[in-house]
Amino acid sequence: MYMLVHCSNCHTPLQLPPGANSICCAICHAITYIVDPRSAPPPPALSYSSSSQYQHYPPQPHPFQVVPSPFSHAPPGPPPAVHGPKRAVICAVSYKNTKNELKGCINDAMCMKYLLVNRFDFPESSIIMLTEEETDPYRRPTKSNMRLALSWLVQGCQPGDSLVFHFSGHGSQQKDYNGDELDGYDETLCPTDFETQGMIVDDEINAVIVKPLSHGVKLHAIIDACHSGTVLDLPFLCRMDRSGKYVWEDHRPRSGVWKGTSGGEVISFSGCDDDQTSADTSALSKITSTGVMTYSFIQAIERGHGTTYGSMLNAMRATIRKTTGELGGGIVTTLISMLLAGGNFSGGITQEPQLTASEPFDVYSKPFSL
């Protein structure tokens, strides 16, 4: 069982392998030393970073000590069990009462949970929902809570596990400082407190939920946000034209840094390319605001296009193109129609969902499954 610790320099959640007494952070490259709490008296743990300065690290809890859990319904209690072969993190950020407010994110989260539970047999107890509707402060989509939830998602993975990360909210870009982006920009996700705590950068997302995945574990990410094409920093992007022809673009960093898994499989559907924006609109369902990408993803499955990854991607893009041309979405799906009416979006929609993966594959022969 891995132990969750935090980098002593940048505080990124890290998974300490059994028996290890130190770990190197994939983000800032500081080394965090862990002292066995059973030894007495334990000296303070130290971190040595590239600045050649030792930094004190707060003592870690005993591996078997019960600590308060941010993901239990009741306040303090044991950390959540890693549930069965299927589990998911669904994160919806509406930025309520700010200039950045979005109308459709909560609807996206509700629909995605309904889809996972009723179509793909995910146990409700294995789904963590982070939304601004939650009264529990540990289940709100803050930067800290999102980091913890992502670490929980991959904790103790076993062959056969199927994991899902869904995010609906704002995405952005910032200058890449470590040279691992072909376009010179890192992609980011914006938690509810991003203006004070900062955004979550693709490098961190990759380090936390992509790199640790071992053989036999599958992760799907469904990211409904602007600039989200490569937000998991996966090595390969499926560049598909409107006729359905495609090639896999190699996005591996020139530096040679590995952005893939440890033998597992990661496939990501994102709302748009890195240089595009994603819409929040009622033009698709006609009765409620939803993220365009989330709606088209669910509709593709409902209309029977969820056979292969290629058919999924083509169907999602066709839905959006049709809406752009007609400003209509066709038949309202059962998942969307169960929701109440929301806000509106005026104007056309210009975005193309993207598919990225840890390894290239034949998108028209590989069956789609969650």
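Numbering starts at 1 and runs along the sequence shown.
Side-chain contact, His215 with Thr261: no donor N or O sits under 3.5 Å from an acceptor N or O. Residues Thr319 and Gln299 have side chains that bring a donor and an acceptor to within less than 3.5 angstrom of each other. No side-chain donor from either of Ser168 and Asp224 sits under 3.5 Å from a side-chain acceptor of the other.
Residues Gly264 and Ser358 share a closest heavy-atom pair of O-OG, 4.0 Å. Considering all non-hydrogen atoms of both residues, Pro235 and Ala357 come closest at CD-O, 3.5 Å. Minimum interatomic distance between Ile320 and Ser296 (heavy atoms only, all atoms of both residues): CD1-OG, 4.1 Å. When every heavy atom of Lys86 is checked against every heavy atom of Asp121, the shortest pair comes out as CD-O, 4.1 Å. Heavy-atom minimum distance, His170 versus Ala225: C-CB, 4.0 Å. Residues Phe165 and Cys91 approach most closely at CE1-CB, 4.4 Å, considering heavy atoms.
In this pair, Tyr309 and Phe269 present their aromatic rings parallel. The plane angle is below 30°, not in the 30 to 60° band. Taking the six-membered ring where tryptophan is involved, the planes of Trp248 and Tyr246 are perpendicular, since the angle between them exceeds 60° and thus also 30°.
With Asn206 contributing its side chain and Asp202 its backbone, the two residues share no donor-acceptor pair below 3.5 Å. Looking at Arg140, its side chain does come within 3.5 Å of a backbone N or O of Glu134 through a donor-acceptor pair. Although no hydrogens or angles enter the test, the distance criterion places no donor-acceptor pair under 3.5 Å between the side chain of Gln155 and the main chain of Ser151. Checking side-chain atoms of Asn314 against main-chain N and O of Ser311 turns up no donor-acceptor pair under 3.5 Å. No donor-acceptor pair closer than 3.5 Å links the side chain of Asn100 to the backbone N or O of Tyr95. Using a distance-only test at 3.5 Å, with no hydrogens or angles considered, no donor-acceptor pair links the side chain of Glu302 to the main chain of Ala300. Although no hydrogens or angles enter the test, the distance criterion places a donor-acceptor pair under 3.5 Å between the side chain of Arg87 and the main chain of Leu153.
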message = Test side chain to side chain contact (heavy atoms under 4.5 Å, CB included) on Ser262 and Leu213; report intermediate values, then the result.
response = CA-CA 5 Å; Ser262 298; Leu213 290 195; over 6 Å; no
task = Show your reasoning for whether side chain to side chain donor-acceptor pair (under 3.5 Å) applies to Ser369 and His220.
result = CA-CA 9 Å; Ser369 64; His220 285 89; 5.8 Å; no
task = Decide yes or no on side chain to side chain contact (heavy atoms under 4.5 Å, CB included) for Val363 and Leu313, but give the supporting numbers first.
result = CA-CA 9 Å; Val363 300; Leu313 188 61; over 6 Å; no
ask   = Run the side chain to side chain contact (heavy atoms under 4.5 Å, CB included) check on Ile223 and Ser268 step by step: do they pass?
value = CA-CA 8 Å; Ile223 310 296; Ser268 176; 4.3 Å; yes
key: Worked verdict on Asn107 versus Met112 for side chain to side chain contact (heavy atoms under 4.5 Å, CB included)   = CA-CA 8 Å; Asn107 294 336; Met112 188 56 62; over 6 Å; no
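Interatomic distance, CD1 of Ile127 versus CD1 of Ile90, reported as 5.0 Å (0.5 Å rounding). A distance of 12.5 Å separates CZ of Arg252 from CG of Leu234, quoted to the nearest 0.5 Å. Interatomic distance, NE2 of His166 versus CG of Asp108, reported as 5.0 Å (0.5 Å rounding). The structure places CZ of Phe120 at 4.5 Å from CG of Leu370, a figure rounded to the nearest 0.5 Å. Interatomic distance, Leu355 CG to Met316 CE, rounded to the nearest 0.5 Å: 9.0 Å. In this structure, Asp233 CG and Glu187 CD are separated by 7.0 Å, a value rounded to the nearest 0.5 Å.
A salt bridge between Glu132 and Arg139 is absent, with no side-chain N of the basic residue lying under 4.0 Å from a carboxylate O of the acidic one. A salt bridge links Lys96 and Glu133; the closest N-O separation between the charged side-chain nitrogens and carboxylate oxygens is under 4.0 Å.
Val201 and Leu148 are assigned to two separate hydrophobic clusters, defined by single-linkage of ILVMFWY side chains at heavy-atom distances under 4.5 Å. The hydrophobic clustering, which links ILVMFWY residues whose side-chain heavy atoms are closer than 4.5 Å, places Phe368 and Tyr364 together.
Side-chain contact check for Arg321 versus Arg242: some heavy-atom pair is nearer than 4.5 Å. Contact of the Lys113 side chain with the Phe122 side chain is not registered, since no non-hydrogen atoms from C-beta on lie closer than 4.5 Å. In this structure, the side chains of Pro85 and Asp161 come closer than 4.5 Å at one or more pairs of heavy atoms. The closest side-chain heavy-atom distance from Gln354 to Leu237 is below 4.5 Å. Counting heavy atoms from C-beta on, the side chains of Glu359 and Glu265 never come closer than 4.5 Å. No side-chain heavy atom of Val247 sits under 4.5 Å from any side-chain heavy atom of Met240. A 4.5 Å side-chain heavy-atom check between Leu163 and Cys157 finds at least one atom pair inside the cut-off. At a threshold of 4.5 Å between non-hydrogen side-chain atoms, the residues Leu219 and Val164 do not count as touching.
By the side-chain hydrogen bond (donor to acceptor under 3.5 Å, both in side chains) test, Thr142 pairs with Asn145, sequence neighbours left out.
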Going by atom type alone, with no hydrogens or angles, which donor-acceptor pairs under 3.5 Å involve a side-chain atom of residues 189-198 and a protein atom two or more places apart or on another chain?
residue: Asp193; atom: OD1; partner: Lys143; partner atom: N; Å: 3.0
residue: Thr196; atom: OG1; partner: Asp193; partner atom: O; Å: 3.2

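Residues Phe236 and His251 keep their aromatic ring centres 6.0 Å or farther apart.
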